[in-house]
Every structure is written in C-alpha cells, then in structure tokens.
Amino acid sequence: MARPADPHARAALIAAARVEFMKKGLKGARIEDITAACGLSKGAFYLHAASKEALFGEVLSEFMSALQGLIDQRREETERFFAEQGAVEARDVSERSARYERLLAMSAEGDLRTLELMWAYRDVMQVLMRGSQGTDFESLMWGFVDREVSRVAQEFRRLQSGRALRSDVPSEVIGSLIVGTYVLLAQRMSQMQEKPDLAAWANSIHLLIREGCVPRCDVAAPVEPPRAPPPETSTSSRRASSRALSRTRSTPRSGS
C-alpha cells in the first residue's frame, strides 16, 4: 500500500521549489537541491509530484485560476456599473461627476487586487518571463499578455464611444500600455524583498492612465506667459535719436 504524502512536507516542498525555480529557471533547477532545501529525500519528491515541471504547473495553475477570477470579477463589476449607471460621457469627465468618480474608485480597487495577487506570485511570473525558455511554459506568458491587451482595448473602446476618453489614440495602444506596465511591475516585484505600497502603485497607474486619456477638448491649453511690454522711450530720447539720424543723412561721405 502506497504511503500517503505528508501535506506539511508538500507545502515545504512547493515553497522550496518556487525559490529554486526563480533562482535557476525550470531547466536549471534540480530536484535534489529542492528536496535538500526543505529537508526531504529525493525519493520523497515523487510522493508529491511526477516531475519538477508538473510541480511548477500546479503552482502556475493556482495563480492563473486566481488571476482569471479577478478578471471575471472586474468584468462583472464593469457590466453591472454600466447597466445601473449608464454610459460615462465626456461631460462626466469634465465635471468629475459622481458617476465618473465611482468608476474611478471601482477601477482603482480592481488594480489593487491585481497587484496584490502579482506580489504573492511574483516568483511565478518571473519564471514565466525569464526562466521558462525551452519548456512547455515558454510562450504561455506572452499568449496571456496578448489576450489581456485585447480585453483592455475592448473596455477602452466602450469609453471612447461615449467620448469619455480621447479617441485619437488607438485602443490597442492603450491596452498595450496598461498590460505592459503590469508586466514591468511584475519584473520589479521579483527583485524586491519588502512589499511596496501597492495601493500607492495602483493609484499612480490609475492616475497616469486616466488623466493621460482625458478627451482633448477637456485638456486646458497651456497658458503662455504675458509678454513684457517694450521699454518706454522718453520724449527727449526720441528727439535726440531723430537729430542724430538727421545729421547722419546730411553729413557728406568722405571721398565723395
């Protein structure tokens, strides 16, 4: 009869594996180093996973499931908002209406939830970006990025149709900007030991994107500084200049 796997040992094994995967990538990580780090034998590894790739796949599945849950939650919140509040228009943006402020708050909360999840799985994202070359996971990250760019672009087209966002920037560019920002932040998180102020990050992302997408008609034209008036010339100075000019014209040229 097979010996049941110890759940506490499994948790320690997964934690050790995540550290090794992040340091050495999937191909570079060795099972014996993983088990040594958590005090297990190499043979005990196979009580919990068929291979190191299978173990990473389980952790990745947890992350992707949680991320998809956040995406679904955000989509449902957005649909409910527009069903209850109606379309957001340019006037809402220019007047900072209560409806627009609610949309901003809802979006900022969604950004923060996503950043919190990214922090918890920053090692997994790092492996997907830089440590999965030559494995079945190699293109997974970028396929997901492409899908997210399309999804975000679709959301922004909805706001552009109501003139709530500037329409002179293609929605695909906006989608790429937002998703690319998250990818770069994930890279930065993987190099940090202390958790940053993710709420401040979320608000900063939100502010830069929203304010940068304000319709052009709502962007105040830059105010030119007033031009300094020409220096006043006194009457006596003008008369002196006239006399000098007159003498210049009347004086014969030498050698003529």
Side-chain angles (χ1 to χ4, degrees), residues 7-31 33-38 45 48-49 51-75 107-152 175-209:
H8 299 291
R10 176 179 174 77
L13 181 68
I14 290 175
R18 289 175 67 167
V19 172
E20 286 296 312
F21 292 152
M22 186 172 177
K23 288 194 302 184
K24 302 176 182 176
L26 284 178
K27 297 194 76 172
R30 301 192 309 166
I31 292 177
D33 292 335
I34 294 171
T35 53
C38 60
F45 178 92
H48 303 276
S51 65
K52 61 183 181 180
E53 290 81 9
L55 189 61
F56 177 74
E58 292 181 26
V59 178
L60 176 61
S61 179
E62 292 176 0
F63 170 60
M64 297 301 290
S65 177
L67 184 58
Q68 187 60 51
L70 291 183
I71 292 172
D72 293 341
Q73 179 183 358
R74 192 160 192 164
R75 184 182 294 112
S107 299
E109 289 173 4
D111 292 336
L112 179 56
R113 290 194 298 263
T114 301
L115 289 173
E116 290 283 1
L117 182 66
M118 287 169 53
W119 175 258
Y121 286 91
R122 60 193 183 280
D123 57 319
V124 174
M125 297 192 68
Q126 174 72 354
V127 173
L128 288 176
M129 288 188 288
R130 303 183 64 180
S132 61
Q133 289 78 7
T135 72
D136 293 340
F137 304 100
E138 184 173 6
S139 61
L140 186 61
M141 176 73 177
W142 308 114
F144 177 78
V145 165
D146 289 341
R147 291 192 298 274
E148 275 300 284
V149 169
S150 297
R151 183 188 66 81
V152 174
S176 298
L177 174 65
I178 295 174
V179 177
T181 297
Y182 276 95
V183 171
L184 291 175
L185 288 179
Q187 168 68 15
R188 177 153 181 78
M189 285 180 183
S190 69
Q191 302 171 356
M192 302 176 71
Q193 297 297 322
E194 296 185 6
K195 184 177 181 180
D197 186 346
L198 296 180
W201 280 23
N203 289 331
S204 297
I205 294 170
H206 194 68
L207 176 65
L208 289 172
I209 292 172

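We number each residue from 1, following the sequence as shown. Everything quoted here is computed from the prediction, not taken from an experiment.
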Expected output: side-chain [X] to main-chain [Y] donor-acceptor under 3.5 Å:
{"X": "Thr35", "Y": "Ile31", "result": "yes"}
{"X": "Arg122", "Y": "Ala186", "result": "no"}
{"X": "Ser51", "Y": "Ala54", "result": "yes"}
{"X": "Glu138", "Y": "Gly134", "result": "yes"}
{"X": "Ser65", "Y": "Ser61", "result": "no"}
{"X": "Lys52", "Y": "Arg30", "result": "no"}

Point to revise | Salt bridge present between Arg74 and Asp111 (N-O < 4.0 angstrom) | key: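 A salt bridge is present here (some side-chain N lies under 4.0 Å from a carboxylate O).
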
Review point. What class does the angle between the rings of Phe137 and Phe56 fall in, given that below 30° is parallel, 30 to 60° is tilted and above 60° is perpendicular?
Key: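 Perpendicular: the ring planes of Phe137 and Phe56 meet at over 60°.
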
Check [X] against [Y] and note the closest heavy-atom contact, atom names and distance.
{"X": "Met192", "Y": "Trp119", "value": "O-CH2, 3.9 Å"}
{"X": "Thr135", "Y": "Leu26", "value": "OG1-CD1, 3.9 Å"}
{"X": "Met129", "Y": "Gln187", "value": "CE-N, 3.8 Å"}
{"X": "Gln133", "Y": "Arg130", "value": "OE1-O, 2.8 Å"}
{"X": "His206", "Y": "Ser107", "value": "CE1-CB, 3.2 Å"}

Check your understanding: Side chains of Leu60 and Leu140: closer than 4.5 Å at any heavy-atom pair?
Key ->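 The answer is yes, as the side chains (C-beta and beyond) meet within the 4.5 Å cut-off.
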
Check your understanding: Between CD of Glu53 and CD of Glu58, what distance do you get to the nearest 0.5 Å?
Key ->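 Here the rounded value is 12.5 Å.
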
Point to revise | Atom pair CG/CG of Leu13 and Leu55 - distance to nearest 0.5 Å | key: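 Those atoms lie 5.5 Å apart.
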
Review point. Which is it for Val124 and Arg18 under the side chain to side chain contact (heavy atoms under 4.5 Å, CB included) test, yes or no, and what are the steps along the way?
Key: CA-CA 7 Å; Val124 174; Arg18 289 175 67 167; 4.2 Å; yes

Check your understanding: Does the pair Glu116 and Arg113 meet the rule for a salt bridge (Lys or Arg N to Asp or Glu O under 4.0 Å), with working shown?
Key -> CA-CA 5 Å; Glu116 290 283 1; Arg113 290 194 298 263; over 6 Å; no

Exercise for review: Tell me, with the steps shown, if Met118 and Leu198 meet side chain to side chain contact (heavy atoms under 4.5 Å, CB included).
Suggested key: CA-CA 10 Å; Met118 287 169 53; Leu198 296 180; over 6 Å; no

Practice item. Using the side chain to side chain contact (heavy atoms under 4.5 Å, CB included) rule, take Leu115 and Met189 through it: C-alpha gap first, then chi angles, then the decisive distance, then the call. Key: CA-CA 10 Å; Leu115 289 173; Met189 285 180 183; 3.9 Å; yes

Practice item. Let me see the working for Met22 and Ser190 under side chain to side chain contact (heavy atoms under 4.5 Å, CB included), right down to the final yes or no. Key: CA-CA 9 Å; Met22 186 172 177; Ser190 69; 3.5 Å; yes

